[in-house]
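One structure is given here, and the rest of the page talks about it.
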Amino acid sequence: MKMIKEDKKVITRIKELKKKRNAVILAHNYQLPEVQDIADFRGDSLELSRIAAKTECEVIVFCGVYFMAETASILSPDKKVIMPDISAGCPMANMMTADDLRKLKKEHPGAVAVGYVNTSAAVKAELDYCCTSTNAVAVVNALKDKKDIIFVPDKYLADYVSKKSGRKLISWHGFCPTHVKILPEDLIREKKFHPRAKVMSHPECLAAVVSQSELVVSTSQMAKHAREDSTKEFIVGTEAGLIYRLKQDNPTKEFYLASERAVCPNMKRTTQEKVLWALEELKDEVKVSEDIRKKARRAIDRMLSII
Ligand code: 13P
Ligand code: SF4
């Protein structure tokens, strides 16, 4: 009982401070339920980038991982972008440095460089095109006239996009340590338990998981599909946090997480208390240097002009 009262106090204080600071709270679909509950917008990487680009607020509180807050800062340089826990990084994004990409580009002169949004701002500055899980296939399909395409850093997303587009891609050896925990045998087991369920999975998953899925899309596209499809049961091959939103949106449908191991520790670092402290102290700020920002912005704008 006391706990509930304390939580209420935190939420009330967050609301007051949000108004006072003219702030907006953005949360990725993988955030803890308590964080999703206080967010003004929750969504996937593409949706959050679009909101960050057009918000009128002075402060963006980014509840997600570092590269997402950097992307918000690239798109909204005049806004103060703060993270409630700045140590929340993305291991996949950290698997490639700007030097790595420069070297790869040198090895493949003339190749166009496409990079997943899960990259640092310094890597984005070296890209020709950015993409997200929502539009990766569309971006590669738009490059019909290009002979060679570099696609980094996720080797599993590259594999998926290559199969879908029919293009051979020059990839990197990055991967998401959370999505690779979902194994093909997890899907075999869940399908046996829930034979009527439809399987949705994220393209960061292993190829043997993707090939067993009826739908391979981003987290918000999964949410859209769950709302619009008449199917009543879904097996969900992505990070555990999405289940909260799916159940909230569809109280009469059933959602089965493909693997209990699919939990991203970085996405769970942010809590309501940390959001409150961030609003109180207006930190920790994420700011990208102007030189990197301008170059990175080009790659993001090119993506946004395609889809
Ligand atoms: P979205 O592609 O749906 O944003 O989520 C994938 C992910 O792992 C984000 O880090
Ligand atoms: Fe990075 Fe994977 Fe976590 Fe997304 S789920 S933030 S890709 S480690």
Side-chain angles (χ1 to χ4, degrees), residues 26-32 35-36 39 41-52 62-72 83-96 114-120 123-124 130-139 151-158 160-161 172-182 200-206 209-210 213 215-226 236-246 249 257-270 286 300 303-304 307:
L26 307 186
H28 190 268
N29 288 322
Y30 295 157
Q31 289 290 292
L32 289 173
V35 176
Q36 295 193 31
F41 299 99
R42 62 180 166 184
D44 63 14
S45 311
L46 181 64
E47 288 172 329
L48 296 179
S49 302
R50 285 190 190 279
I51 294 164
F62 214 109
C63 305
V65 289
Y66 194 79
F67 77 81
M68 295 179 177
E70 265 192 336
T71 308
M83 276 185 84
D85 190 328
I86 203 157
S87 69
C90 168
M92 183 211 284
N94 296 339
M95 286 176 192
M96 176 171 238
V114 181
Y116 195 23
V117 69
N118 295 37
T119 43
S120 67
V123 167
K124 285 189 183 77
C130 186
C131 73
T132 70
S133 54
T134 307
N135 58 25
V137 175
V139 169
F151 190 100
V152 295
D154 185 358
K155 60 179 171 183
Y156 296 113
L157 181 63
Y160 172 73
V161 172
W172 188 246
H173 44 74
F175 63 92
C176 165
T178 297
H179 282 87
V180 299
K181 291 201 178 100
I182 304 168
M200 311 191 279
S201 68
H202 195 280
E204 287 173 19
C205 289
L206 300 172
V209 167
V210 164
S213 308
L215 195 71
V216 183
V217 287
S218 80
T219 51
S220 285
Q221 287 174 307
M222 285 187 204
K224 183 172 185 283
H225 195 78
V236 183
T238 193
E239 207 272 347
L242 183 67
I243 299 289
Y244 178 66
R245 174 175 178 177
L246 293 174
D249 289 356
L257 187 63
S259 168
E260 296 291 335
R261 291 184 300 273
V263 177
C264 174
N266 286 287
M267 282 286 184
K268 309 302 179 204
R269 284 183 191 272
T270 306
V286 175
I300 298 173
M303 161 186 88
L304 294 175
I307 187 169

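Counting starts at 1 for both ligands and their atoms, following the listed order.
- Heavy-atom minimum distance, Val263 versus Pro265: O-CD, 3.3 Å.
- Residues Phe151 and Leu157 meet the side-chain proximity criterion, which asks for heavy atoms closer than 4.5 Å.
- Ring-plane geometry between Tyr156 and Phe175 is classed as perpendicular, the angle between the planes exceeding 60 degrees on a 0 to 90 degree scale with a lower cut at 30.
- Near Tyr116, meaning under 4.0 Å from one of its heavy atoms, ligand 1 places the atoms 2 (O).
- In this structure, Glu239 does not count as a contact residue of ligand 2, since none of its heavy atoms falls inside 4.0 Å of the ligand.
- Scanning all protein heavy atoms for the shortest distance to atom 3 (O) of ligand 1 gives Thr219 OG1, 2.6 Å.
- Within the structure, ligand 2 lacks Asn266 among the residues with a heavy atom less than 4.0 angstrom away.
- Near Met68, meaning under 4.0 Å from one of its heavy atoms, ligand 1 places the atoms 9 (C), 10 (O).
- Of all atoms in ligand 2, listed by their number and element, those nearer than 4.0 Å to a heavy atom of Cys90 are 1 (Fe), 6 (S), 7 (S).
- When all heavy atoms are compared, the tightest approach of Leu246 to Ala226 is CD2-CB, 3.9 Å.
- Expressed to the nearest 0.5 Å, how far CD of Glu204 lies from CD of Glu239 amounts to 10.5 Å.
- Annotation: His202 places an N or O atom under 3.5 Å from an N or O atom of ligand 1; distance criterion only.
- Nearest protein neighbour of atom 3 (Fe) of ligand 2, counting heavy atoms only, is Cys264 SG, 2.4 Å.
- Looking from atom 2 (O) of ligand 1 to the surrounding protein, the closest heavy atom is Ser133 OG, 2.6 Å.
- Of the candidates His225, Arg42, His28, Arg245, Arg245 is the only one forming a side chain to side chain contact (heavy atoms under 4.5 Å, CB included) with Ser220.
- Counting only heavy atoms of the protein, atom 4 (O) of ligand 1 lies nearest to Ser45 OG, 2.6 Å.
- Put simply, no part of Gln221 is less than 4.0 Å from ligand 1, judged by heavy atoms.
- Of the polar atoms of Asp44, none of the N or O atoms is found under 3.5 Å from an N or O of ligand 1, judged by distance alone.
- The shell of residues lying under 4.0 angstrom from ligand 1, judged by heavy atoms, includes His28.
- If you look at Met92 next to ligand 1, there are no close heavy atoms at all, none under 4.0 Å.
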Item to complete: Begin from the C-alpha positions of Asn135 and Met303 and carry the test side chain to side chain contact (heavy atoms under 4.5 Å, CB included) through to its verdict.
Response: CA-CA 8 Å; Asn135 58 25; Met303 161 186 88; 3.4 Å; yes
Worksheet item: What do the steps show when you test Met83 against Met68 for side chain to side chain contact (heavy atoms under 4.5 Å, CB included), and what is the final call?
Response: CA-CA 10 Å; Met83 276 185 84; Met68 295 179 177; over 6 Å; no
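- With Phe62 as reference, Leu26 is the one residue of Val286, Leu26, Thr71 to meet the side chain to side chain contact (heavy atoms under 4.5 Å, CB included) rule.
- Taking any N or O of Ser218, backbone or side chain, none lies under 3.5 Å from an N or O belonging to ligand 1.
- Of the N or O atoms in His179, none lie within a sub-3.5 Å distance of an N or O in ligand 1.
- Contact atoms of ligand 2 toward Asn118: 7 (S) (distance under 4.0 Å to a heavy atom of the residue).
- Here is the list of ligand 1 atoms found below 4.0 Å of a heavy atom in Glu204: 6 (C), 7 (C), 8 (O).
- With a heavy-atom cut-off of 4.0 Å, Asn118 touches ligand 1 through its side chain alone.
- Rounding to the nearest 0.5 angstrom, the gap separating the CG atom in Asn29 from the OG atom in Ser218 is 8.0 Å.
- With rounding to the nearest 0.5 Å, the separation of OH in Tyr30 from SG in Cys264 is 8.5 Å.
- Nearest protein heavy-atom neighbour of atom 8 (S) of ligand 2: Pro91 CD, 3.4 Å.
- Counting heavy atoms from C-beta outward, Arg261 and Ile182 have side chains that stay 4.5 Å or more apart.
- Residue Lys224 holds its NZ atom at 11.0 Å from OG1 of Thr134, rounded to the nearest 0.5 Å.
- For a distance bound of 2.8 Å, the N, O or S atoms of Cys176 include one lying that close to atom 2 (Fe) of ligand 2.
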